[in-house]
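For reference, the structure is listed below as structure tokens.
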Amino acid sequence: MPQIRFLEDLQTLTASQWDALHDGRNPFVSHAFLSGLEQYGCLREDWGWRPQHLTLWEGETLAGAIPGYLKENSHGEFVFDHAWANAYARHGRDYYPKWLGAVPYSPVTGPRLLSRDPGMRAALLAGLVQALPGLGVSSAHINFHRGHEDGDFSEAWLLREDIQFQWQNPGQWRTFEDFLGAMDHKHRKNIRQERSKVARQGISLRTVHGDQATRADLQAMYRFYLQTFLEYGNAPALTEPFLRHLATSLGRGLVLFLAEQDGEPIAGALCLRGGDTLYGRYWGGATLPGLHFEACYYQGIEYCLREGLSRFEPGAQGEHKLARGFLPTLVRSRHWMADADFSDALKEWCLHERADVGRYREELLQHTPFRLADPAAR
């Protein structure tokens, strides 16, 4: 019979063991990314992150896994359950610790039930539920799983949905002008004006992959990353050694868009590249007119068109992305509660939330920048 084990350190597995469980198209579930977070000081227990990866073994062969963490808070998850924690507290119950299957700090849809054998995915979930009492947790949560994994979850796993704004090439766009040509006149004009503002300030953009990045490039990007977090009064989780690790281990899978003025870097956006998708993650730098939109959105769209990538996910939240060609897309999470009474109450809550999200998405789709006759508007 397959055996369940929890691992507190992903470096106890080799990269080949872990990466044999997935198709390699999503960089966030790679051994390089997940073990790098642990190795280079990005996960701290006092921030609520304690690695507790679920693994499934057949003898000495790793047959499946879910990247997982014991959480003492809900920081860095992007699926908000503070109301649930408050409800537990009002009833004199402890919501934390909980177990979370996710990628830290990354609201990115991707595989969560890792196994080359689809039949093992249900076994992973069954093994997880059986093992949870030994962890002393109130609940288990799996964030940003792929839609086709829905069938692996039983009804006991409550479904939540939310909206992210994502760009997708319907297939016929080859250039940025093709993309703009699908828009109505107003939005096409606004984007051209935003881009021209950047050009008139003498700002140029440079695309740098991880295997091309100099130490100065990485230091500049990390400085911009720190600046953004400090401006918002938040503690930066990632470390500069982790960024250097990504450049070395991911190579072309790390993509930087660096803005320069008078020969000096003034801003940058950090992205990861998957099989068919570009993932925008961090931005920072000078607050000059149009620069944020150029570095975070338009450079990424141009990159996808140039490189033949079909999707661009620029991160969570932001209705302002809609006017720039990013359409409302459903994202998912699943939740298992140890207390059956709470689970029953939350089931109705989740049902109403999904209905609200669905109405919100339909409303947004009435205001896309694309001409209604264009396939991209459908």
Exercise. Measure the spacing between CG of L270 and CE of M221 and express it to the nearest 0.5 Å.
Key: 5.0 Å

Exercise. Drop me the distance from Y279's OH to F312's CZ, to the nearest 0.5 angstrom.
Key: 12.0 Å

Practice problem: May I ask whether W157 and L351 are part of the same hydrophobic cluster, defined by side-chain heavy atoms of I, L, V, M, F, W, Y residues being less than 4.5 angstrom apart, directly or through others? | Solution: no

Self-check item: W99 ring center near H141 ring center (under 6.0 Å)
Solution: no

Exercise. Say whether T214 and D217, considering side chains only, have a donor N or O and an acceptor N or O under 3.5 Å apart.
Key: yes

Quiz item: Taking atom NE2 of H185 as the centre, does the number of heavy atoms from other residues, nucleotides or ligands within less than 6.0 Å exceed 12?
Solution: no

Practice problem: Tell me whether the centres of the aromatic rings in F33 and F242 are closer together than 6.0 Å. | Solution: yes

Practice problem: Give me the ring orientation class for Y225 and Y282: parallel if the planes are under 30° apart, tilted from 30 to 60°, perpendicular past 60°. | Solution: perpendicular

Quiz item: With distance as the sole criterion, is a donor-acceptor pair present between the side chains of R332 and H145 under 3.5 Å?
Solution: no

Exercise. Flag the pair K71 and E45 as a salt bridge only when some basic side-chain nitrogen lies within less than 4.0 angstrom of an acidic carboxylate oxygen.
Key: no

Quiz item: Should the pair E149-R112 be classified as a salt bridge under the 4.0 Å nitrogen-to-oxygen rule?
Solution: no

Practice problem: Check the hydrophobic clustering (I, L, V, M, F, W, Y; side-chain heavy atoms under 4.5 Å; chains of links allowed) and say if V357 and L364 are grouped together. | Solution: yes

Quiz item: Any chance CD of Q11 has more than 12 other-residue heavy atoms, nucleotides or ligands included, within less than 6.0 Å?
Solution: yes

Exercise. Please indicate whether E231 has more than 12 foreign heavy atoms, meaning atoms of other residues, nucleotides or ligands, lying under 6.0 Å from its CD.
Key: yes

Quiz prompt | Side-chain donor-acceptor pair present, T239, Y222, cut-off under 3.5 Å | solution = no

Practice problem: Ignoring hydrogens and angles, state whether a donor on the side chain of H187 or N190 is under 3.5 Å from an acceptor on the partner side chain. | Solution: no

Exercise. Give the ring-plane orientation class for Y297 versus H292, where under 30° counts as parallel, over 60° as perpendicular and anything between as tilted.
Key: perpendicular

Quiz prompt | Distance-only side-chain donor-acceptor flag, S310 / N169, under 3.5 Å | solution = no

Quiz item: Is the shortest side-chain N to carboxylate O distance from D184 to K186 below 4.0 Å?
Solution: no

Self-check item: Cluster overlap V198 with L180, hydrophobic side-chain contacts below 4.5 Å
Solution: no

Quiz item: Is the NZ or CZ atom of R121 positioned over F153's six-membered ring, under 6.0 angstrom from the centre and within 45° of the axis?
Solution: no

Quiz item: Cationic tip of R160 within the cone over W84's six-membered ring, i.e. under 6.0 Å and within 45° of the normal?
Solution: yes

Quiz prompt | NZ/NE/NH1/NH2 to OD/OE distance under 4.0 Å, D339 and R93 | solution = yes

Practice problem: Using only heavy-atom distances, determine whether the side chains of R244 and T248 contain a donor-acceptor pair under 3.5 Å. | Solution: no

Quiz item: Do NZ/NE/NH1/NH2 and the carboxylate oxygens of D23 and R116 come within less than 4.0 Å?
Solution: no

Practice problem: Mark yes when over 12 heavy atoms from residues, nucleotides or ligands other than H91 sit less than 6.0 Å from its NE2; otherwise mark no. | Solution: no

Quiz prompt | Side-chain donor-acceptor contact under 3.5 Å, S333 with H335 | solution = yes

Quiz item: With the threshold set at 4.0 Å, does a side-chain nitrogen-carboxylate oxygen contact exist between K189 and E194?
Solution: no

Quiz item: How long is the gap from CG on L218 to CZ on R215, to the nearest 0.5 Å?
Solution: 8.5 Å

Exercise. State, without any angle test, whether Y95 and N86 hold a side-chain donor-acceptor pair at a distance under 3.5 Å.
Key: no

Exercise. Classify the angle between the aromatic ring planes of W173 and W167 as parallel (below 30°), tilted (30 to 60°) or perpendicular (above 60°).
Key: tilted

Self-check item: CD1 on I301 to CZ on R324, rounded to 0.5 Å
Solution: 10.5 Å

Self-check item: Ion pair check, E313 and K321, cut-off under 4.0 Å
Solution: no

Quiz item: Do the charged groups of D211 and R252 touch, with an N to O distance under 4.0 Å?
Solution: no

Self-check item: H75-Y105 side chain donor-acceptor pair, cut-off 3.5 Å
Solution: no

Quiz item: Under a 4.0 Å N-O cut-off, is there an ion pair linking K197 with E294?
Solution: no

Quiz item: Any ion pair linking E362 and R359 (charged N to carboxylate O, less than 4.0 Å)?
Solution: no

